[in-house]
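Below you'll find the structure, written out as structure tokens, and then a few comments.
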Amino acid sequence: KEMGKAGVAFSALIDIGRIGLSVYSLYVKSMLGSSPGYKAHCDISSYITCSKTFNSSYGTGFGLIGPLLGEDHILNQDNGVYGIIFFLMHFLLVCFAASKLGFCLRLLNSLALAAGSLWLAYILFYVLKHACIVCIAIYGLNLLALLLDICQLRCHSAKQKQRVAKAEKKKKK
């Protein structure tokens, strides 16, 4: 049971970190747009730069929504906005949905985030050809959350099977 509480706490911390990084990405993008000469803390060199990433066409709507629905479409938001929404949903599921359905929804959320991370990592390294430490940190936390969700779903399922087996054993007596 303690491992379950530790898993919940670790998952919640991961989500808080991801939300914080997403808020920071929005802050940087806002400052870049409003303060000429602003240099973000995550801009280390011309190759390791988050500013170029956040300001690229892929920093909004994953570079997909604008061309499909239009640059002014309501769904074409900064990637940080999507991050906050998905990470907050995951956080709420971690804190309030300890059922099998809750674990499955968390896993689906994490799978969607992993797919998004793979797409954005490809764009970052092979299209934009630079590194973004904020992005890479989020990708790493997304992978960690996915692995943790898989482990927690498996543990929950195993505990459920044990409870069913115990109940059936009592029934037979």
In terms of hydrophobic clustering (I, L, V, M, F, W, Y; side-chain heavy atoms under 4.5 Å; direct or indirect links), are Phe91 and Leu146 co-clustered?
no

Lys39 atom NZ, over 12 foreign heavy atoms within 6.0 Å: yes

Cys42 side chain reached by Thr49 side chain, heavy atoms, under 4.5 Å: no

Tell me whether Tyr24 is reachable from Ile138 by hopping between hydrophobic residues (I, L, V, M, F, W, Y) whose side-chain heavy atoms are closer than 4.5 Å. yes

Between Val28 and Cys50, the two heavy atoms sitting closest are CG1-SG, 4.5 Å

Query raised in the report: According to a 4.5 Å side-chain heavy-atom criterion applied to Ile, Leu, Val, Met, Phe, Trp and Tyr, with indirect links allowed, do Leu124 and Phe54 form part of one hydrophobic cluster?
Result: no

For Cys135 and Thr53, the nearest pair of non-hydrogen atoms, with its separation, is SG-CG2, 3.7 Å

Query raised in the report: Should Ser11 and Arg106 count as side-chain neighbours, where that means a heavy-atom distance under 4.5 Å?
Result: yes

Legend entry - Non-hydrogen side-chain atoms of Leu143 and Ser117 separated by less than 4.5 Å: no

Flag side-chain contact, heavy atom, 4.5 Å: Ile16 against Phe87: no

Q. If we only count heavy atoms from C-beta on, is the Asp149 to Phe103 side-chain gap below 4.5 Å?
A. no

Answer whether the closest heavy-atom distance between the side chains of Ile65 and Gln77 falls below 4.5 Å. no

On a heavy-atom basis, the closest approach of Phe125 and Ile136 is CZ-CD1, 3.7 Å

Notebook entry, point to check: Hey, does the side chain of Asn142 reach the backbone of Ser110 with a donor-acceptor pair shorter than 3.5 angstrom?
Noted result: no

### Task
Step by step, work out the side-chain contact (heavy atoms from CB on, under 4.5 Å) result for Ile84 and Arg18.
CA-CA 8 Å; Ile84 291 168; Arg18 296 188 298 180; over 6 Å; no

Separation between CG (Asn55) and CG (Leu32), nearest 0.5 Å, reads 5.0 Å

query: In terms of heavy-atom contacts, does OH of Tyr122 have more than 12 from other residues, nucleotides or ligands at under 6.0 Å?
result: no

For Asn79 and Tyr58, the nearest pair of non-hydrogen atoms, with its separation, is ND2-O, 2.8 Å

Pair Asp78-Thr60, side-chain hydrogen bond (donor to acceptor under 3.5 Å, both in side chains): steps then yes or no
CA-CA 4 Å; Asp78 292 331; Thr60 302; 3.2 Å; yes

Are Leu21 and Tyr139 connected into the same hydrophobic cluster when the rule is that any two of I, L, V, M, F, W, Y join if their side-chain heavy atoms are below 4.5 Å apart?
no

Notebook entry, point to check: Side chains of His130 and Ile48: does their closest heavy-atom pair fall under 4.5 Å?
Noted result: no

In terms of heavy-atom contacts, Cys104 and Leu153 come closest through SG-CD1, 4.2 Å

message = If you count heavy atoms of other groups shown closer than 6.0 angstrom to CG of Leu68, is the number above 12?
response = yes

Rounded to the nearest 0.5 Å, the CD1 atom of Ile14 sits from the CG atom of Leu147 at a distance of 9.0 Å

| query | Sub-3.5 Å donor-acceptor pair from the side chain of Ser35 to the main-chain atoms of Tyr38, do we have one? | reply | no

Main-chain N/O of Leu128 paired to Lys52 side chain as donor or acceptor, under 3.5 Å = no

pair Asn76-Leu69: side-chain heavy atoms closer than 4.5 Å = no

Separation between CD1 (Ile123) and NZ (Lys129), nearest 0.5 Å, reads 11.0 Å

Test side-chain hydrogen bond (donor to acceptor under 3.5 Å, both in side chains) on Asp15 and His90; report intermediate values, then the result.
CA-CA 7 Å; Asp15 290 333; His90 191 273; 2.7 Å; yes

Exercise for the section: Establish whether Ile150 and Leu144 are linked, either directly or via other cluster members, by ILVMFWY side-chain heavy-atom contacts under 4.5 Å. Expected result: no

So CZ of Phe10 and SG of Cys151: to nearest 0.5 Å the spacing works out to 11.0 Å

Q. Are there more than 12 heavy atoms of other residues, nucleotides or ligands under 6.0 Å from atom OH of Tyr126?
A. no

Q.
Is it the case that the side chain of Ser34 and the backbone of Ser30 share a donor-acceptor pair, with hydrogens and angles ignored and the cut-off at 3.5 Å?
A. yes

